[in-house]
2 protein chains.
Amino acid sequence: MASSIETNQALCNSRGESPGLCGLCDVRDHSVCVEFGPREMAQAERTMARRTVARKHAIMSEGEPNDSLFVVTQGSFLLSKYLEDGRRQVTGFIFKGDLMGVRPTQQSAYTAEALEDSLVCTFSHHYLDEVAKTAPGVKDRLIARGQNEYHRAQDHIVLLGKKTADERVSSFFIQLAKSIGQDLGEGRLEAPLSMARQDIADYLGLRLETLSRTLGSLKSKGIIDSISRKNVVVKT
Amino acid sequence: MASSIETNQALCNSRGESPGLCGLCDVRDHSVCVEFGPREMAQAERTMARRTVARKHAIMSEGEPNDSLFVVTQGSFLLSKYLEDGRRQVTGFIFKGDLMGVRPTQQSAYTAEALEDSLVCTFSHHYLDEVAKTAPGVKDRLIARGQNEYHRAQDHIVLLGKKTADERVSSFFIQLAKSIGQDLGEGRLEAPLSMARQDIADYLGLRLETLSRTLGSLKSKGIIDSISRKNVVVKT
DNA sequence: CGATAAGTTGACATGTCTCAAACTGAGTGG
DNA sequence: CCACTCAGTTTGAGACATGTCAACTTATCG
């Protein structure tokens, strides 16, 4: 799962406070663009494409080439990989402030599809390479983001390799709530759920039915306060 | 698991063919150093430390700071993470030509310990940042390596989340043989095993006993030709 | 308010785990 | 060159967590 905004920075920021679209962007401070100087900012506003992605539509597909970096400014995405026989593994969820496509590639390693109507800023890597010549911090930020992806993947590996169904489900919801939830007080956190049960099950390496049963068990244990299709409240 | 040398490049290479130690290094063309010019090479040979790591000794520890990049020139390493109660998940194996520590960090995400007496070149990230000023390709190489790690981790996630014990074990040995094995002809590949059964089981998210039984089953199916403590021959 | 997709619950099957015992092979010393 | 040892590995029998398949319930949306 992706750890949204808090700790990391994404790509956009105007050091010279230009009042353009980027100047108003609410993920700017957490993105690659933080590294852009006023000149790059102005150029970015012309060069960069803002793109809407409709629910269920892919912005990257496993095996297809991709030469852009995407910064999610609204909405959320699901990352997945398929085995030849159609079994699907969800490898991550992406939220506002997260990046996709840290490196250009002939064959994307995974598919990224929108879980809801979403909005992304796209930067071609060709353009980023240019920017990097005068703003070297951009590359460091990409390295850092890439490492974050890797570390999240390692946590996911531990979850799948060593945790029980109960542990997987509670780890997932607690992490989700901590990363995108809001505090309701009394140690309760509420988070919106843009993904379906099947998506969560495919992320956790469980069957839909097992997830559903486990959810019931966690509710009775008080770890999960309430859960509906679109919302969850967890206690910590 | 790490995909050794073939496809990727690591860090070292003398474009100006200096006949120093680096000039003789057999992983040079696959490493970061490929990007170094003659000047950087000469400097590297003075600055960089070659270090031996004894079997079972850690070169990085989960939670401990690390500010160096390691290039494995001999031997192999095991990467692992632990849950609070001591359960261990092996997140990867590292072989000759692979990198560890792509980014400096206050808290390493995992532990890396030598599976056999090994040899690494260590570059401080402080030094690499200097080099990057005149050899910008170094950063790109680190981004690329970081992404490779991430993609391998995603494959690992699919293995743990969706594959059966049989599939996990055969995937593991086939990938191992393809990456570090040598061709015996007739579609047979032989690879040395520097890790114990327990290490492999912890990598595959299986119990030792399940791995052992599965190995027997794969032998009778002909997917594994033979396997001992130190060697495996797989048929493809 | 009916139609359809999404989620839950039930009963049973099975793959993997658990615990215990037996085996194997490399090193050591008599 | 033969016990002896000890860690590593394999085998056995039974338990249990999760998977499977089917029926049922609940949300969502025209």
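Proteins come first, then strands; the chains are lettered A, B, ... in the order of their sequence lines, and each starts at number 1.
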| remark: side-chain contact (heavy atoms from CB on, under 4.5 Å) filter on B:Glu190, not counting sequence neighbours, yields B:Gln182, B:Leu184, B:Asn231, B:Val233
| said: In whole Å, I'd like the distance from the CG atom of A:Leu115 to the C1' atom of C:dA6. | reply: 15 Å
| said: Generate the contact string for nucleotides 14-30 of chain D. Rules: B means base contact, S means sugar-phosphate contact only, - means no protein heavy atom under 4.0 Å. | reply: ----SSBB----BSS--
| Who passes side chain to side chain donor-acceptor pair (under 3.5 Å) against A:Gln154, sequence neighbours left out? | A:Tyr150, B:Thr91
| said: My understanding is that only residues two or more places apart in sequence, or in another chain, count here; which of them pass side-chain contact (heavy atoms from CB on, under 4.5 Å) with A:Arg213? | reply: A:Glu209
| With ring centroids as reference points, do B:Phe93 and B:Phe77 lie under 6.0 angstrom apart? | no
| NZ of B:Lys162 versus P of C:dG15: gap in Å, rounded? | 18 Å
| Residues in salt bridge (Lys or Arg N to Asp or Glu O under 4.0 Å) contact with A:Lys221, at least two apart in sequence or another chain | A:Asp166
| message | List the residues meeting side-chain contact (heavy atoms from CB on, under 4.5 Å) with A:Glu62, not counting sequence neighbours, and say none if there are none. | response | A:Lys81, A:Tyr82, A:Thr111
| said: To the nearest 10°, give me the bend of the helix from C:dC1-D:dG30 to C:dG30-D:dC1, comparing the axes of its five terminal pairs at either end. | reply: 40°
| Going by number, which of residues 190-202 of chain B have a non-hydrogen atom under 4.0 Å from DNA chain D? | B:Ala196, B:Arg197
| request: Can you tell me which residue pairs pass the salt bridge (Lys or Arg N to Asp or Glu O under 4.0 Å) test with a partner in residues 84-93 of chain A, sequence neighbours excluded? | output: A:Asp85-A:Arg87, A:Arg87-B:Glu167, A:Arg88-A:Asp199, A:Arg88-A:Asp202
| field | Pairs touching residues 102-121 of chain B that satisfy salt bridge (Lys or Arg N to Asp or Glu O under 4.0 Å), sequence neighbours left out | value | none
| Side-chain (B:His156) to main-chain (B:His151) donor-acceptor, under 3.5 angstrom | no
| said: A:Lys235: which residues meet the side-chain contact (heavy atoms from CB on, under 4.5 Å) condition with it, sequence neighbours left out? | reply: A:Arg188, A:Asp225
